[in-house]
Enquirer: 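Provided herewith is a single structure, encoded as structure tokens, for subsequent inquiry.
Convention: sequence-line order gives letters A, B, ...; per-chain numbering from 1. The basis for the numbers below is simple: all heavy atoms, side chains too, and nothing from hydrogens, waters or symmetry mates. Just so it is clear, the structure is predicted and the values come from calculations on it, not from any experiment.
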Amino acid sequence: MRGGYTMLFSQMFMPTMKEDPKEAEVLSHRLMLRAGFIRKLASGIYTWLPLGLRSLRKVENIVREEMNKKGAQELLMPAVQPKELWVESGRWEFYGKELLRFKDRGDHEHCLAPTHEEVVTDLVRREVRSYRELPLILYQIQTKFRDEIRPRFGVMRSREFIMKDGYSFDADEAGAEKSYMAMHDAYEQIFRRCGLRFRAVEADTGQIGGSFSHEFMVLAETGEDIIISCNNCGYAANLERAEVRAVARSITNKGGSYRKVETPGKKKVEDVASFLGIEPSKLIKTLLYATDKGTIGVLVAGDREVNETKLKNLLSLEFLTLADEATIEQVTGGPLGFSGPVGLSIPLYADRDVLCMEDFVVGGNQRDVHIIDVNLGDFSVRDFYDLKVACVGDGCPRCDGFHNATRGIEVGHIFKLGTKYSKSMNATFLDQEGKEKHMVMGCYGIGIGRTVAAAIEQNNDQFGMMLPFSIAPFEVEVLPVNTSHAESMEVADTIYKGLLAKGIDTVLDDRNERPGVKFKDCDLIGMPLRVAVGERGLKEGMVDIKLRTETEPVRIGRDEAIGRVLEYVAKFRGF
RNA sequence: CGGGGCGUGGCGCAGCAUGGUUUAGCGCGCUUGCCUUGGGAGCAAGAGGUCGCUGGUUCAAAUCCAGUCGCCCCGACCA
């Protein structure tokens, strides 16, 4: 039996654990270790064991099917890539330490690929000459490596990971949008079929520009990302992207009545506010940033944070960081913690909240001094923009609703690249008029392993995993309660073989273990459907069928078991 | 990279402040036998650790000191 298709637990390599391993913090990680899905080799580097691999493959196949349905074609690109391509795209320099670099014996520099824009663009530019060959969507399912700052949560954020990455090449913007929408559609199908509760949210497009980027977020308390969504309309975005509705200015106070007050040693907003006996929202924070376009100042309400992504995009900045103390003193004349807009000569950008503030407090640009009763007429800013980090309760930019916040796990990201890579790497084609044009690209990623982990994170109970039929390692487990009871084994074997013959992904727990051990393992691994065959039931010719999601089994005649299982599978497997 | 913590049989831990009664211990797991079989049983007998590594202090180091490696957790990246 060994070496063949092993669907007998007695012969399967499935090291389950009764106790929680110390290294695991989040639930999915713990369960994946306990259920024998994965084992760690090194920080952020994991082996997928047979059970886990079965789930991983099922996700992969769902991805393949849905990608293929959209006309995308699978290929497989190298993980080791020469430096030259990355220099050409400009990313050898920009990618940073996440890009693992090394030299081969000939002293040539290479990297372990974290993503494949360079290679796929190089491939396509060599082979595609004509608009007739476009559009083209290529994808692969392949191991990537990113030397993450801090790997954690097991396979959720690992350094080596399996990713589906796809790339579209179109002749024009309209085509690129079509490809993008096709991928968006495919992703919806993929995550739906994986049984995930998810949401596609708008994401930042950053330096690449363009207006299209969505992240597919699996909703989970332990998610690392924050999703802002409207309680009224369909608007949803990640935190760095989330916009806030503009509010009309209702203040007419022209100012001119401000005065300085002593605020000895009060640098933080909270300290100043409590010292003056006012709410932090009555203050305006003046933050100085060092940028590639010089030092700038940003004004935001005292109780809010500046969204640096918004700021970066607004001013098309390459580089943005908070100014150091020396710069602050030089620009404002006062120390850190006492900066204010009054009298400053650097460019000031204000959050729109400031428009609705009156008689507020700002720093006095000198030690231990703040200014109170300040109004908009008392200083000048370039303009007012949406610059703050969105919060629960903020107004939706699209309707009259308000923002909610939830946590999510990013399992997919689709991105309109435009001509960033086709320009830097000169990927062109001849259009209908014989003119040379740059291809318009998109890229589309799915973390395959992360998707498995996210599904577990979202589907579990105190006993273990509760994966859906579509991605559980097996669909059905036949569990003979006592393997030394001949009739039990006979009936179990008949049902097991009968289900296999019907194309049901079935496993037989034929281990000579005590019942408790087998039931616990079955629950831990989260077999969607369990058929328990025991001496007791058989006395009446019955076996027990139980869905993992139900608490009580259904007792049914032994000869009807296969038929009933087929009904369940038909109902829940779907697709 | 900064801050915190941990490295002791396969897993989870105790022992370490106050070096020597410890032949380094416990639970789970593992092996063998008996027994048991509808929710991680019971009894008995076993196997398995140069206490992360290197160096130092000492008559004596799991225990003290230094260095080093690995891992985990909290903050800056991304699928």
Side-chain angles (χ1 to χ4, degrees), chain A residues 15-26 29-30 33-34 36 39-45 59 63 95-99 114-116 141-166 187 191 203-204 206 214-218 223-225 238 240 308-309 321-322 408-415 443-454 463-464 479-485 488-489 511-524 530 532-539 542-544 546 551 553 555:
Chain A
T16 56
M17 284 185 278
K18 203 196 288 194
E19 290 171 83
D20 275 337
K22 190 176 72 166
E23 70 187 65
E25 190 71 8
V26 296
H29 188 197
R30 278 210 297 271
L33 288 168
R34 280 190 57 204
R39 285 293 183 269
K40 186 174 70 181
L41 176 65
S43 180
I45 301 180
V59 172
V63 169
Y95 214 99
K97 288 184 178 170
E98 256 183 47
L99 185 64
T115 175
H116 278 68
I141 294 175
Q142 189 235 22
T143 297
K144 300 271 186 274
F145 194 92
R146 291 183 190 170
D147 202 354
E148 287 280 347
I149 296 162
R150 185 149 91 88
R152 61 185 132 170
F153 306 153
V155 96
M156 194 89 87
R157 174 178 298 280
S158 48
R159 295 193 294 170
E160 184 178 300
F161 59 102
I162 296 173
M163 177 172 165
K164 186 287 295 180
D165 50 321
Y187 275 40
F191 296 123
D204 179 51
H214 286 88
E215 289 173 346
F216 287 77
M217 298 287 210
V218 169
E224 292 182 88
D225 297 292
N238 69 13
E240 54 175 25
E308 295 184 0
T309 304
T321 180
L322 281 168
I409 301 164
E410 184 188 358
V411 288
H413 196 165
I414 59 178
F415 218 114
C443 75
Y444 316 94
I446 290 179
I448 304 286
R450 183 182 281 186
T451 299
V452 173
F463 302 112
L479 191 161
V481 174
N482 177 3
T483 49
S484 39
H485 182 242
S488 292
M489 283 309 286
R511 294 175 301 170
N512 183 22
E513 288 285 353
R514 298 192 44 93
V517 174
K518 302 211 283 189
F519 282 118
K520 291 288 185 191
D521 271 349
C522 187
D523 288 343
L524 177 62
R530 182 186 78 199
V533 183
E535 207 170 339
R536 263 186 229 167
L538 284 180
K539 275 187 186 143
M542 310 289 265
V543 299
D544 293 313
K546 183 180 160 310
T551 47
R555 183 152 276 202

Enquirer: Over all strands shown, is A:V517 touching base, sugar-phosphate only, or nothing at heavy-atom distances under 4.0 angstrom?
Expert: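 The answer is base, as A:V517 lies within the cut-off (heavy atoms under 4.0 Å) of a base atom.
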Enquirer: Quick one: A:R514 CZ to B:C30 P, roughly how many Å, whole number?
Expert: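 About 13 Å, once rounded to whole Å.
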Enquirer: Do the side chain of A:E513 and the base of B:G40 come within less than 3.5 angstrom through a donor-acceptor pair of N or O atoms?
Expert: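 Absent.
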Enquirer: Expressed in whole Å, how much space separates the P atoms belonging to B:A47 and B:A24?
Expert: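 Result for the P pair: 15 Å, nearest Å.
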Enquirer: Could you tell me whether A:G447 contacts a base, only the sugar-phosphate backbone, or nothing, with contacts defined as non-hydrogen atoms closer than 4.0 Å?
Expert: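 Base contact.
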Enquirer: So A:S484, base contact, sugar-phosphate only, or nothing? Heavy-atom distance under 4.0 Å.
Expert: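 Base, at least one base atom sits under 4.0 Å.
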Enquirer: If I take atom NE2 in residue A:H116 and atom P in nucleotide B:A79, what distance separates them, rounded to the nearest angstrom?
Expert: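 About 14 Å, once rounded to whole Å.
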Enquirer: Whole angstroms only, please: what is the OH-C1' distance between A:Y95 and B:C77?
Expert: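 Rounded to whole Å, this separation is 9 Å.
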Enquirer: Between A:N238 and A:E410, is a side-chain contact (heavy atoms from CB on, under 4.5 Å) present by the stated rule, with each step listed?
Expert: CA-CA 10 Å; A:N238 69 13; A:E410 184 188 358; over 6 Å; no
Enquirer: Just N and O in the side chain of A:S43: are any of them under 4.0 Å from OP1 or OP2 of B:C72?
Expert: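 Answer is yes, contact under 4.0 Å.
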Enquirer: Which whole number of Å gives the distance between the P atom of B:U54 and that of B:G70?
Expert: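 Going atom to atom, P in each nucleotide, I get 16 Å.
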Enquirer: Hydrogens and angles aside, do A:N482 and A:S488 bring a side-chain donor and acceptor to less than 3.5 Å of each other?
Expert: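 No, no side-chain donor-acceptor pair sits under 3.5 Å.
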Enquirer: Heavy atoms only: give me the nearest A:R530-A:C522 pair and the separation to one decimal.
Expert: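 Heavy-atom minimum between the residues: CD-SG, 3.6 Å.
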Enquirer: Looking only at atom C1', what distance separates B:G12 and B:A60, rounded to whole Å?
Expert: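 Straight-line distance between the two C1' atoms is 32 Å.
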Enquirer: Searching all strands shown, indicate the nucleotide that pairs with B:A76 (Watson-Crick or G-U wobble; both distances under 3.5 Å).
Expert: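 Matched B:A76 with nothing under the 3.5 Å cut-off.
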Enquirer: Between the base of B:G38 and the ring of A:F519 - centre-to-centre under 5.5 Å, planes within under 30° - is that a stack?
Expert: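 Per 5.5 Å and 30° rule: no stacking.
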Enquirer: Checking only heavy atoms, does the side chain of A:D544 share a donor-acceptor pair with the base of B:G38 at less than 3.5 Å?
Expert: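 Answer is yes: a donor-acceptor pair is held.
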Enquirer: Out of B:A79, B:C77, B:G27, which nucleotide sits closest to the side chain of A:E98?
Expert: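 Between B:A79, B:C77, B:G27, the one nearest the side chain of A:E98 would be B:C77.
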Enquirer: Between B:A61 and B:C16, how far apart are the C1' atoms? Round to whole Å, please.
Expert: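 B:C16 and B:A61 have their C1' atoms separated by 10 Å.
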Enquirer: Test your reading of the model: is there a side-chain donor-acceptor pair from A:R146 to the backbone of A:L99, 3.5 Å cut-off?
Expert: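 Here the side-chain-to-backbone pair does not exist.
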Enquirer: Can you tell me which nucleotide in B:A79, B:C71, B:G39 comes closest to the side chain of A:E410?
Expert: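 The nucleotide sitting nearest to the side chain is B:A79.
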Enquirer: Consider the side chain of A:M163, meaning its heavy atoms from C-beta on, and name the nucleotide among B:A79, B:G12, B:C71 that approaches it most closely.
Expert: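 From the listed options, B:A79 comes nearest.
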Enquirer: Taking atom types as they are modelled, is there a donor-acceptor pair under 3.5 Å from the base of B:G40 to the side chain of A:R34?
Expert: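 Yes, a donor-acceptor pair under 3.5 Å.
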Enquirer: What is the distance from NE2 of A:H485 to P of B:U36, rounded to the nearest Å?
Expert: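 Value for this atom pair: 15 Å.
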Enquirer: Go nucleotide by nucleotide along RNA chain B from the 5' end; which of A:K97 and A:D20 gets its closest nucleotide reached first?
Expert: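 Of the two residues, A:K97 wins.
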Enquirer: Do A:D225 side-chain and B:C78 base share a donor-acceptor contact under 3.5 Å?
Expert: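 For A:D225, whose side chain was compared with the base of B:C78, there is a donor-acceptor pair (under 3.5 Å).
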Enquirer: With a 3.5 Å limit on both atom pairs, tell me what B:G20 is paired to, counting Watson-Crick and G-U wobble, or say none.
Expert: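 Base-paired to B:C59.
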Enquirer: Is the base of B:G39 touched by the side chain of A:R530 through a donor-acceptor pair closer than 3.5 angstrom?
Expert: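 Between B:G39 and A:R530, which were checked side chain against base, a qualifying N/O pair under 3.5 Å is present.
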Enquirer: What does A:E23 touch in the nucleic acid at a heavy-atom separation under 4.0 angstrom: a base, only the sugar-phosphate, or nothing?
Expert: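 Sugar-phosphate: the residue A:E23, judged by heavy atoms under 4.0 Å, touches backbone atoms but no base.
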Enquirer: For the P atoms, the ones on B:U63 and on B:U18, what distance do you get once it is rounded to whole angstrom?
Expert: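 Here B:U63 and B:U18 have their P atoms 14 Å from each other.
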Enquirer: Take atom C1' in B:G19 and the same atom in B:U58, then report the distance between them in whole Å.
Expert: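 Pairwise C1' distance, B:G19 against B:U58, rounds to 9 Å.
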Enquirer: Over all strands shown, is A:G534 touching base, sugar-phosphate only, or nothing at heavy-atom distances under 4.0 angstrom?
Expert: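 Result for A:G534 = base.
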Enquirer: With sugar-phosphate meaning primed atoms plus P, OP1 and OP2, does A:N512 contact a base, only sugar-phosphate, or nothing at under 4.0 Å between heavy atoms?
Expert: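 It contacts base atoms.
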Enquirer: In whole angstrom, give the distance that lies between atom NE2 of A:H214 and atom P of B:A79.
Expert: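 Whole-Å distance recorded here is 15 Å.
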Enquirer: Quick one: A:R30 CZ to B:C11 P, roughly how many Å, whole number?
Expert: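 Interatomic distance, CZ of A:R30 to P of B:C11: 18 Å.
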Enquirer: Once you apply a heavy-atom cut-off of 4.0 Å, does A:G537 come out as touching a base, just sugar-phosphate, or nothing?
Expert: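 Answer is base: heavy atoms of A:G537 come under 4.0 Å of a base.
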Enquirer: I'd like the C1' distance from B:G15 over to B:C64, given in whole Å.
Expert: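 Pairwise C1' distance, B:C64 against B:G15, rounds to 16 Å.
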Enquirer: May I ask you to say what A:K40 touches in the nucleic acid, namely base, sugar-phosphate or nothing, with a heavy-atom cut-off under 4.0 Å?
Expert: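 Sugar-phosphate: the residue A:K40, judged by heavy atoms under 4.0 Å, touches backbone atoms but no base.
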Enquirer: Mapping A:G449 and A:P151 to their closest nucleotides on RNA chain B, which lands nearer the 5' end?
Expert: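 Checking each residue's closest nucleotide, the 5'-ward one belongs to A:P151.
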Enquirer: With a non-hydrogen cut-off below 4.0 angstrom, is A:I149 in contact with a base, only sugar-phosphate, or nothing?
Expert: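 Base contact.
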Enquirer: Does B:A17 fall in syn (glycosidic angle within 90° of 0) or anti?
Expert: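 Syn, angle within 90° of zero.
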Enquirer: Paired with B:C71 by Watson-Crick or G-U wobble geometry, both distances under 3.5 Å: which nucleotide is it?
Expert: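 The answer is B:G5, by the H-bond criterion.
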Enquirer: Is a donor-acceptor pair below 3.5 Å formed from side chain A:R152 to base B:C72, judging by atom type as modelled?
Expert: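 No.
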Enquirer: Between A:K518 and A:P480 (side chain of the first, backbone of the second, donor and acceptor by atom type, cut-off under 3.5 Å), is there such a pair?
Expert: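 A pair under 3.5 Å: yes.
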Enquirer: Donor-acceptor pair under 3.5 Å: do we get one between A:N482's side chain and the base of B:G38?
Expert: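 A donor-acceptor contact between them is absent.
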Enquirer: What nucleic acid atoms does A:E148 come within less than 4.0 Å of, heavy atoms only: base, sugar-phosphate, or nothing?
Expert: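 If one applies the 4.0 Å heavy-atom cut-off, A:E148 turns out to touch a base.
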Enquirer: In whole Å, what is the span from the CE atom of A:M17 to the C1' atom of B:G27?
Expert: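 Atom CE in A:M17 sits about 16 Å away from atom C1' in B:G27.
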Enquirer: Test your reading of the model: is there a side-chain donor-acceptor pair from A:R157 to the backbone of A:R150, 3.5 Å cut-off?
Expert: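 No: the side chain of A:R157 does not pair with the backbone of A:R150.
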Enquirer: Donor-acceptor check, side chain of A:R555 to backbone of A:V543, threshold 3.5 angstrom: yes or no?
Expert: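 Judged by distance alone, no pair lies under 3.5 Å.
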Enquirer: Could you tell me whether a side-chain N or O of A:R34 sits under 3.5 Å from a main-chain N or O of A:T16, the two making a donor and an acceptor?
Expert: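 No: the side chain of A:R34 does not pair with the backbone of A:T16.
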Enquirer: Look up atom CG in A:D544 and atom CG in A:L479, then write down how far apart they are to the nearest 0.5 Å.
Expert: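 Here the rounded value is 10.5 Å.
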Enquirer: Between the base of B:C77 and the side chain of A:R150, is there a donor and acceptor pair under 3.5 angstrom?
Expert: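 Per atom types, no contact qualifies.
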Enquirer: Using the C1' atom as the point on both nucleotides, what is the distance between B:C53 and B:G7, in whole Å?
Expert: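 Going atom to atom, C1' in each nucleotide, I get 11 Å.
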Enquirer: For a quick check of understanding: with a heavy-atom distance under 4.0 Å over all strands, which category does A:K18 fall into, base, sugar-phosphate or nothing?
Expert: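 The residue A:K18 makes base contact.
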Enquirer: Keeping A:Y444 on the side-chain end and A:Y187 on the backbone end, is there a donor-acceptor pair under 3.5 Å?
Expert: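 It does not hold such a pair.
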Enquirer: Tell me whether the OP1 or OP2 atom of B:C78 has a side-chain N or O from A:R146 closer than 4.0 Å.
Expert: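 Negative; the distance criterion is not met.
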Enquirer: Classify A:T321 by what it touches in the nucleic acid, base, sugar-phosphate, or nothing, heavy-atom distance under 4.0 Å.
Expert: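 Touches nothing.
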Enquirer: Could you please name the partner base of B:C43, counting Watson-Crick and G-U wobble pairs only when both distances are under 3.5 Å?
Expert: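 When the pairing criteria are applied, B:G33 turns out to be the nucleotide that pairs with B:C43.
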Enquirer: Without decimals, in angstroms, what is the distance between A:K520 NZ and B:G38 P?
Expert: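 After rounding, the gap between these two atoms is 15 Å.
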